[in-house]
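Here is the naming used below: chain letters follow the sequence lines, and residue numbers restart at 1 for every chain. Quick note: numbers below take in every heavy atom, side chains included, and nothing from hydrogens, waters or symmetry partners.
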There are 2 protein chains.
Amino acid sequence: MPRDGRPTRERILISAEALVIENGYAATSVDQVIAASGTSKGAFFHHFGSKLDLARALVERYAAGDVAQLDAATAYAEAVTDEPLGQVDAFLAWFEERADDLMDEQSSCLYISVLTERQLVNAGTAEPIVKAVVAWRDGLARLLAAALADGAGGRRHQVDVDALADHVFVTFEGAFLLARATGDPGHMRRQLHVLRDLVRALLRAR
Amino acid sequence: MPRDGRPTRERILISAEALVIENGYAATSVDQVIAASGTSKGAFFHHFGSKLDLARALVERYAAGDVAQLDAATAYAEAVTDEPLGQVDAFLAWFEERADDLMDEQSSCLYISVLTERQLVNAGTAEPIVKAVVAWRDGLARLLAAALADGAGGRRHQVDVDALADHVFVTFEGAFLLARATGDPGHMRRQLHVLRDLVRALLRAR
DNA sequence: TTTGTATCAGACTGTTTGGTCTGGTATCAA
DNA sequence: TTGATACCAGACCAAACAGTCTGATACAAA
């Protein structure tokens with residue numbers, strides 16, 4: 001068991017995240033997490049009161065990273081241009097360009113593993129996920145609303161801006177599943193590209 | 001244990017499908033399935049060699065129903081109009097109109113439960129899913145290709161028709177997850193509506 | 001030096017799990 | 001009537017599971 005610089009608690013979280021994303025929560029045993037992180041039962045239950053406790057910590061950590069990515073994409077979009085239309089486009093392009101790296105480091109999303117099991121949702125584990133979704137919706141909907149006020153698309157199609165913002169989240173999660181089903185990680189990039197084309201067409205329709 | 005008219009094997013499949021969709025595969029025990037279906041251990045292992053065997057039968061059954069829905073939607077779209085653009089629109093409208101019923105009878109999709117667990121994917125359980133995805137892609141891509149040849153969108157945006165067809169599948173799965181996270185089943189209808197608006201805008205862009 | 005506390009290691013335990021096995025009944029062909 | 005076979009009930013079992021407990025080490029305050 002090689003000692004890297006990371007504190008034990010974080011080592012456990014990192015190993016557990018990979019295992020749960022790959023195999024699901026119920027299919028991941030505490031012993032597996034212990035083996036993968038090179039720790040022990042004593043260490044595990046010292047840092048986490050129960051397996052469910054680990055799940056909560058896992059989702060909280062993961063969602064925080066997710067919101068951080070949203071902020072990075074928004075900052076990039078706002079740095080590139082002042083035009084609302086261009087900002088939405090740059091926002092989507094940011095993710096599209098990072099799609100391959102994203103699929104490299106994780107072949108799926110922790111949210112999917114968590115939302116699959118009702119016991120986790122009932123235990124409040126989905127709450128950080130909802131917060132992340134709302135953060136995405138708020139952030140992107142703001143950009144979209146400005147763009148729709150700018151272009152003609154909004155008036156023509158009466159777009160539900162919140163639902164359109166949610167569609168980005170929906171595309172991400174759906175693309176993860178499609179990539180898993182077919183074994184082709186390239187779907188993430190292609191789906192984000194499709195999304196960008198679709199949103200472009202909607203915003204520029206006149 | 002009330003005897004309905006259904007054969008035991010089907011009773012088990014119906015109960016198991018609901019449980020796996022709701023709680024996931026690993027989190028669903030054989031004993032739970034037995035209790036829910038009002039059968040016994042003997043009956044279960046008479047009809048299924050193992051729990052994994054049940055998973056395979058479950059997905060095969062589910063995917064068949066999925067492809068049947070695709071056929072129904074295509075038939076409806078072709079019956080409504082001869083125009084390619086109208087057909088794509090009618091195809092998407094068909095699902096949007098059935099979204100509420102769909103969320104009523106099942107709050108999520110079996111595919112999600114199956115794809116979450118690597119052991120199931122490795123055991124070939126994902127194969128019927130891929131077949132269903134391909135059937136969807138082929139069916140819808142045909143409609144889309146005709147519509148794009150008809151309208152000007154295709155030449156303007158150089159759309160990847162297959163990826164666009166996949167986007168319908170992606171939207172479905174993503175919407176299931178969003179509905180689960182927020183607890184609001186209305187997301188399915190709204191996301192399908194967004195999808196319809198987006199595709200409309202793309203196809204009619206000129 | 002002593003006392004306390006945070007951090008672990010790993011043996012251990014009670015329960016749940018997927019799966020087996022024995023026996024019983026219903027059905028149908030010979 | 002007899003035998004064979006499909007179908008099923010439920011006791012039973014070994015393995016895996018989440019969680020506990022005892023004890024050891026490290027370090028800091030007193």
Side-chain angles (χ1 to χ4, degrees), chain A residues 1-20 22-59 113-114 116-125, chain B residues 1-20 22-59 113-114 116-125:
Chain A
M1 45 195 95
R3 298 227 135 250
D4 57 15
R6 290 197 168 80
T8 304
R9 188 186 144 92
E10 203 191 333
R11 293 232 307 281
I12 294 175
L13 283 171
I14 291 171
S15 300
E17 182 181 300
L19 283 169
V20 171
E22 196 61 13
N23 305 323
Y25 170 77
T28 300
S29 69
V30 173
D31 283 345
Q32 271 180 292
V33 173
I34 288 165
S37 60
T39 57
S40 68
K41 216 132 217 198
F44 183 93
F45 284 101
H46 173 74
H47 289 288
F48 305 97
S50 66
K51 194 189 171 189
L52 192 60
D53 214 49
L54 167 73
R56 278 189 277 255
L58 228 40
V59 179
S113 298
V114 167
T116 298
E117 299 183 30
R118 172 62 64 189
Q119 56 163 323
L120 293 180
V121 178
N122 288 346
T125 316
Chain B
M1 46 195 92
R3 296 228 134 249
D4 57 15
R6 290 198 167 80
T8 305
R9 190 187 143 92
E10 205 192 330
R11 292 231 309 282
I12 294 174
L13 283 171
I14 291 172
S15 300
E17 182 181 300
L19 282 169
V20 171
E22 196 62 12
N23 306 323
Y25 169 77
T28 301
S29 70
V30 174
D31 284 345
Q32 272 180 292
V33 173
I34 288 165
S37 60
T39 57
S40 69
K41 213 131 215 199
F44 183 94
F45 284 101
H46 172 74
H47 290 288
F48 305 96
S50 66
K51 193 188 172 188
L52 193 60
D53 214 49
L54 167 74
R56 277 189 277 256
L58 228 43
V59 179
S113 298
V114 167
T116 298
E117 298 182 30
R118 170 64 63 190
Q119 56 162 322
L120 293 181
V121 178
N122 288 345
T125 315

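What separates CD of A:Q32 from P of D:dG19 is a distance of 15 Å, to the nearest Å. For A:E10 and C:dT7, the CD to P distance is 15 Å, given to the nearest whole Å. Between A:I34 atom CD1 and D:dG19 atom P the separation is 11 Å, expressed in whole Å. We find that CD of A:Q119 is positioned 12 Å from C1' of D:dA18, with the value rounded to whole Å. If you measure from atom CZ of A:R9 to atom P of C:dC8, you get 11 Å, rounded to the nearest angstrom.
Sorted by first and then second residue, the pairs that involve residues 22-31 of chain B and meet salt bridge (Lys or Arg N to Asp or Glu O under 4.0 Å), not counting sequence neighbours, are A:R118-B:E22, B:E22-B:R180, B:D31-B:K41.
Take B:A43 and apply the side-chain contact (heavy atoms from CB on, under 4.5 Å) test, not counting sequence neighbours, and it matches B:T8, B:T39, B:S40. Qualifying ring-ring contact (aromatic ring centres under 6.0 Å, His included) partners for B:F45, counting only residues two or more places apart in sequence or in other chains: none. Remark: B:A35 pairs with no residue by the side-chain contact (heavy atoms from CB on, under 4.5 Å) rule, at least two apart or across chains. In this structure A:Q119 satisfies the side-chain contact (heavy atoms from CB on, under 4.5 Å) test together with A:Y25, A:E117, B:A27, sequence neighbours excluded.
The side chain of B:H47 places an N or O atom within less than 4.0 Å of a non-bridging phosphate oxygen (OP1 or OP2) of D:dC8. Regarding contacts with the backbone of C:dC8, a side-chain N or O of A:T8 is found under 4.0 angstrom from either OP1 or OP2. Residue A:H46 places none of its side-chain N or O atoms closer than 4.0 Å to OP1 or OP2 of C:dC8.
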Problem - Base versus backbone protein contacts along nucleotides 18-24 of chain C [heavy-atom cut-off under 4.0 Å; B, S, -] - result: BBB----
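Distance check, rounded to the nearest 0.5 Å: CD1 of B:I12 to OG of B:S15 gives 8.0 Å.
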